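Data first, discussion second: the structure below is written as structure tokens.
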Amino acid sequence: MKHTSDSGTFERPDTLRGRVEDHLRTAIMEGRLKGGERLREQEICDRLNISRPTLREALRTLEAERLITIEPHRSPTVVRMTEKSASDLYALRQLLEGHAAFQFALLADDAAVERLRQQVLALHDSAAAGDGAGLLRSKQAFYEVLLEGADNQLVKETLLGLLSRINLLRATSFSSPARLGTSLAEIDLLFQKVLARDPEGARTAAHLHIANAKVAALQVLKRQTDAESNKL
């Protein structure tokens with residue numbers, strides 16, 4: 001039996017929960033579900049033509065990813081990313097991704113470097129097409145190649161565990177009009193350092209990329225906070 005809605009088609013029962021998770025996760029990443037917004041379970045079930053148990057299983061996954069909070073006897077709420085939580089996450093990313101870039105430049109074989117190049121090209125293609133969702137997918141794929149080639153399972157597991165919140169911050173920083181072009185230039189620089197087999201240069205480029213993304217994201221978050229304060 002198929003479950004259909006105006007937001008997409010949810011198919012086999014064994015894949016239904018994952019598709020619901022993806023649908024809600026994407027809505028949060030794209031800002032259609034905003035920080036602090038309450039999720040009305042019955043409304044979502046009716047819109048997606050799904051059962052409440054299926055929705056609640058999906059919501060538990062998003063809670064584990066810290067994209068929503070669930071409290072007894074209250075509707076689930078989309079997490080509001082604060083400037084402090086964003087700053088903390090960027091600090092951790094800078095350490096781990098800098099190390100991953102260093103290791104990749106040092107250890108990755110030519111095939112892995114070529115895969116990384118393909119993801120850099122995919123990033124530019126998504127940017128040229130104005131495809132915001134494609135940008136996030138390409139950025140995620142870029143880091144998947146980087147982490148695989150860095151050959152540090154603990155770093156990989158830690159960053160993948162933070163992936164949803166990292167993607168949320170990427171979407172936030174990309175919403176800054178001037179950020180996209182600069183971000184692509186930083187990724188190009190990182191790749192050039194990898195291509196030159198310059199581990200220290202790759203780490204420095206990764207640190208620069210994260211530092212600039214942090215500035216852009218914090219500026220967006222501050223504007224959002226100020227706008228909300230002005231409404232009160």
Side-chain angles (χ1 to χ4, degrees), residues 21-39 59 61-69 76-98 100-101 119-120 122-124 126-144 146-147 158-188 190 205-232:
E21 290 168 9
D22 288 344
H23 172 80
L24 294 174
R25 188 184 292 111
T26 299
I28 293 170
M29 300 299 175
E30 294 180 350
R32 288 182 281 116
L33 292 174
K34 300 186 182 301
E37 182 174 345
R38 292 202 174 276
L39 304 180
L59 291 175
T61 298
L62 298 182
E63 182 186 32
E65 295 175 3
R66 299 187 184 181
L67 291 178
I68 67 169
T69 57
T77 305
V78 179
V79 167
R80 189 188 301 275
M81 184 69 77
T82 66
E83 293 177 57
K84 176 63 166 62
S85 60
S87 184
D88 290 348
L89 186 54
Y90 275 116
L92 183 57
R93 282 188 61 194
Q94 192 171 52
L95 288 172
L96 296 180
E97 292 180 18
Q119 296 309 323
V120 173
L123 271 168
H124 281 275
S126 295
D131 182 0
L135 271 171
L136 291 178
R137 288 193 300 270
S138 297
K139 196 68 175 293
Q140 181 176 329
F142 174 88
Y143 278 103
E144 286 172 354
L146 189 76
L147 291 173
T158 302
L159 283 171
L160 290 179
L162 299 171
L163 182 60
S164 290
R165 280 176 290 164
I166 288 172
N167 277 341
L168 182 56
L169 285 175
R170 282 180 185 145
T172 301
S173 65
F174 278 150
S175 70
S176 178
R179 176 60 190 154
L180 180 54
T182 304
S183 177
L184 291 175
E186 292 161 2
I187 290 294
D188 288 343
L190 172 55
H207 284 175
L208 175 66
H209 179 60
I210 300 301
N212 288 342
K214 173 184 174 180
V215 170
L218 292 182
Q219 288 173 343
V220 172
L221 290 172
K222 187 177 187 309
R223 286 197 297 271
Q224 292 174 349
T225 300
D226 291 346
E228 290 167 4
S229 297
N230 291 335
K231 291 179 182 178
L232 298 179

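Since the structure is predicted, the reported quantities are computational estimates derived from the model, not experimental observations. The basis for the numbers below is simple: all heavy atoms, side chains too, and nothing from hydrogens, waters or symmetry mates.
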Assess whether salt bridge (charged side-chain N to carboxylate O under 4.0 Å, His left out) is satisfied between R223 and D226, documenting all intermediate values.
CA-CA 5 Å; R223 286 197 297 271; D226 291 346; over 6 Å; no

Side chain to side chain contact (heavy atoms under 4.5 Å, CB included) for V78 and K34? Distances and angles first, verdict last.
CA-CA 7 Å; V78 179; K34 300 186 182 301; over 6 Å; no

Stepwise side chain to side chain contact (heavy atoms under 4.5 Å, CB included) check, I28 with I68:
CA-CA 9 Å; I28 293 170; I68 67 169; 4.0 Å; yes

I'd like to know whether L162 forms a side chain to side chain contact (heavy atoms under 4.5 Å, CB included) with R93, so could you lay out the CA-CA distance, the side-chain angles of the two residues, the decisive distance to 0.1 Å, and finally the verdict.
CA-CA 9 Å; L162 299 171; R93 282 188 61 194; 5.6 Å; no

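Atom OG of S126 is separated from atom CZ of R137 by 7.0 Å, given to the nearest 0.5 angstrom. Rounding to the nearest 0.5 angstrom, the gap separating the CG atom in L33 from the CZ atom in R25 is 12.5 Å. We find the CG-CE distance between L169 and M81 to be 4.0 Å, quoted to the nearest 0.5 Å. If you take NE2 on H209 and CD1 on I187, they are separated by 4.0 Å, rounding to the nearest 0.5 Å. The OG atom of S85 lies 7.5 Å from the CG atom of L221; values are rounded to the nearest 0.5 Å. For the atom pair L67 CG and L59 CG, the distance stands at 11.0 Å (nearest 0.5 Å).
Between Y90 and I210, the shortest heavy-atom contact is O-CG2, 3.5 Å. Across every non-hydrogen atom of A206 and A101, the tightest pair is CB-CB, 3.9 Å. Across all their heavy atoms, S87 and L218 have their closest contact at N-CD2, 4.3 Å. S164 and E65 get closest at one heavy-atom pair: OG-OE1, 2.6 Å. A pairwise comparison of heavy atoms in Q119 and A141 identifies OE1-CB, 3.2 Å as the closest pair. Across all their heavy atoms, E21 and L62 have their closest contact at O-CD2, 4.1 Å.
Under the side-chain contact (heavy atoms from CB on, under 4.5 Å) test applied with Q140, the options I166, L135, L163, L160 reduce to a single match, L163.
By the 4.5 Å heavy-atom criterion applied to side chains, T26 and R32 are counted as neighbours.
A donor-acceptor contact shorter than 3.5 Å links the side chain of Q94 to the backbone of H207. Between the side chain of S138 and the main chain of G134, a donor-acceptor pair closer than 3.5 Å is present. In this structure, the side chain of T172 engages the main chain of L168 through a donor-acceptor pair within 3.5 Å.
Pairs of residues two or more places apart, or lying in two chains, that qualify as salt bridge (charged side-chain N to carboxylate O under 4.0 Å, His left out) and include a residue from residues 176-188 are R179-E186. The list of salt bridge (charged side-chain N to carboxylate O under 4.0 Å, His left out) pairs with a residue in residues 159-175, not counting sequence neighbours, is empty.
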